[in-house]
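Report on the structure given below.
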Amino acid sequence: MAATTRAVSTAVSEDSLFIPLIDFSLFLNGSEEDKKAAANGMINGFKDAGFIYIKNHGIPQDVIDRVFSESARFFQRPKGEKEALAWASHPLPLKRVTQLSDPTLVAALRSVNPDLKESFEIGRDNEPGHPNNWPHDSAGDVFTTIMQAFFVTCHHLHIEVMRAIGLGMGLGPGFFDAFTNVGDHTLRLLHYPATHKDVFAQNRDQVRAGRHTDYGSITLLFQDDKGGLQVKSPQGTFVNATPISGAIVVNAGDLLARWSNDLIKSTEHQVVEPPQAEAVGDEYPSRYSCAYFCNPNFDASIEVLPGTYATEAEKKYSAINSGQYLVQRLASTYV
């Protein structure tokens with residue numbers, strides 16, 4: 001009980017939505033009792049809410065601060081420069097995220113309420129056929145070095161989080177290692193530009209990022225202090241996932257939910273009008289975040305995990321290739 005008290009506290013509690021704050025240092029460096037307490041707290045959070053926060057995660061704050069400052073500097077570049085650096089090999093214009101799949105409805109949504117954001121995508125540098133497009137100037141060289149290092153840092157944290165999930169599910173901390181060694185992830189830098197309050201007042205359906213779930217195993221979300229992220233509660237309301245200094249928001253994606261036979265939840269979330277207190281006069285300032293979308297190795301076969309079913313009939317899902325699944329999901333739900 002003492003270990004659980006040390007490991008788990010409250011990040012969000014509203015409308016039957018409880019998102020725990022996990023002291024991840026207890027999993028990384030604690031006793032066996034501490035490791036189990038942290039892992040169990042994480043699994044309970046993923047089962048109940050699909051979201052957790054982790055603190056003392058091992059990434060120094062000055063590293064995160066530098067990533068945010070370099071991201072902000074990047075988004076100050078002229079629009080033409082940024083557009084020229086988009087993934088040329090990526091077939092999808094990522095302008096609006098939605099749960100819709102009907103092409104007609106998707107096109108209508110894009111024209112009426114485009115998300116108020118811009119993004120820059122970074123994958124692993126050695127992925128065949130999908131090179132990163134880095135800016136080639138002195139500021140771009142600094143940007144590239146910082147982001148390449150951060151990509152690797154987040155990859156290592158992903159491995160540790162999956163080890164905790166393995167322990168919490170009774171599979172053992174090494175169960176997922178063979179699925180996580182390659183680093184088939186995406187680091188998405190996000191900028192939500194300053195927006196006049198009238199934009200939201202005149203269109204109550206306007207959001208900064210529409211309702212969606214993520215598609216991979218987990219997402220590591222680094223937020224600034226501006227707010228706006230909301231998570232769907234069991235009551236159907238959307239609850240503020242308020243930033244906590246030094247903490248990372250971690251949410252489970254659709255593929256992990258499928259992998260766990262729906263034992264783990266992949267929960268809808270969105271980014272909406274910021275709290276009124278964030279406004280400066282009649283304008284909301286820019287918001288920045290960094291989302292590290294983690295996936296099993298793209299060549300991995302994902303089958304329902306042992307211990308999540310008693311009989312073959314209780315398996316909800318057949319085996320699927322990780323990379324193919326993610327391409328299908330992106331093609332059907334991004335516009």
Side-chain angles (χ1 to χ4, degrees), residues 1-28 30 33-57 99 157-158 160-171 209 211-214 216-223 225-272 274-275 277 289 291-292 294 305 307-308:
M1 185 65 180
T4 300
T5 301
R6 291 196 303 273
V8 182
S9 55
T10 302
V12 175
S13 183
E14 184 179 341
D15 289 355
S16 303
L17 179 73
F18 175 76
I19 302 178
L21 172 62
I22 308 296
D23 185 344
F24 200 59
S25 68
L26 296 181
F27 176 77
L28 294 174
E33 182 185 14
D34 288 335
K35 291 178 185 292
K36 289 180 181 178
N40 290 341
M42 292 169 64
I43 288 298
N44 290 337
F46 286 133
K47 287 180 179 178
D48 294 339
F51 274 74
I52 64 172
Y53 288 56
I54 59 173
K55 65 179 182 179
N56 301 326
H57 39 72
Q99 294 294 91
L157 179 58
H158 167 244
E160 294 297 342
V161 171
M162 294 304 296
R163 285 174 175 167
I165 291 172
L167 179 61
M169 294 189 70
L171 301 169
R211 298 181 185 183
H212 65 284
T213 55
D214 295 344
S217 52
I218 61 170
T219 301
L220 306 175
L221 178 65
F222 302 80
Q223 302 190 78
D225 60 357
K226 298 300 186 294
L229 175 66
Q230 293 186 329
V231 178
K232 191 173 184 179
S233 77
Q235 297 182 20
T237 59
F238 277 84
V239 173
N240 291 328
T242 304
I244 296 176
S245 179
I248 302 170
V249 176
V250 185
N251 64 282
D254 295 343
L255 191 52
L256 183 56
R258 178 187 178 115
W259 211 351
S260 71
N261 213 29
D262 288 335
L263 186 71
I264 287 172
K265 290 182 179 179
S266 178
T267 305
E268 273 192 317
H269 49 285
Q270 61 185 3
V271 181
V272 298
S289 65
Y292 192 75
C294 304
L305 293 169
T308 63

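The two atoms that bring G41 and P20 nearest to each other are O-CG, 4.0 Å, heavy atoms only.
A donor-acceptor pair is defined here as one N or O able to donate and one able to accept, closer than 3.5 Å; no such pair exists between the side chain of N261 and the backbone of L263.
A 6.0 Å sphere centred on NZ of K35 holds more than 12 heavy atoms belonging to other residues, nucleotides or ligands.
The shortest side-chain heavy-atom distance between F46 and I165 falls under the 4.5 Å cut-off. Within the 4.5 Å cutoff, the side chain of V12 has heavy atoms near those of the Y53 side chain. Contact annotation: the side chain of I22 never approaches that of F27 to less than 4.5 Å [non-hydrogen atoms, C-beta and beyond].
Considering L255, D214, T219, D254 in turn, D254 is the only one that fulfils the side chain to side chain contact (heavy atoms under 4.5 Å, CB included) rule with S266.
Atoms NZ and CE, from K47 and M42 in turn, are 13.0 Å apart once rounded to the nearest 0.5 Å. Note that CD of E33 is 7.5 Å distant from OG1 of T4, once rounded to the nearest 0.5 Å.
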### Message
Show, in sequence, the C-alpha distance, side-chain angles and deciding distance for D23 and R6, and conclude whether the salt bridge (charged side-chain N to carboxylate O under 4.0 Å, His left out) test is met.
### Response
CA-CA 7 Å; D23 185 344; R6 291 196 303 273; over 6 Å; no
### Message
Run the side-chain contact (heavy atoms from CB on, under 4.5 Å) test on S16 and S233 for me, step by step, so that the C-alpha distance in whole Å, both residues' side-chain angles and the decisive distance to 0.1 Å come before the verdict.
### Response
CA-CA 7 Å; S16 303; S233 77; 5.9 Å; no
### Task
Quick one: do H269 and Q230 satisfy side-chain contact (heavy atoms from CB on, under 4.5 Å)? Show the steps, please.
CA-CA 5 Å; H269 49 285; Q230 293 186 329; over 6 Å; no
### Task
Determine, stepwise, if the pair F51 / T267 fulfils side-chain contact (heavy atoms from CB on, under 4.5 Å).
CA-CA 8 Å; F51 274 74; T267 305; 4.0 Å; yes
### Message
side-chain contact (heavy atoms from CB on, under 4.5 Å) for I218 and V161? Distances and angles first, verdict last.
### Response
CA-CA 9 Å; I218 61 170; V161 171; 3.6 Å; yes
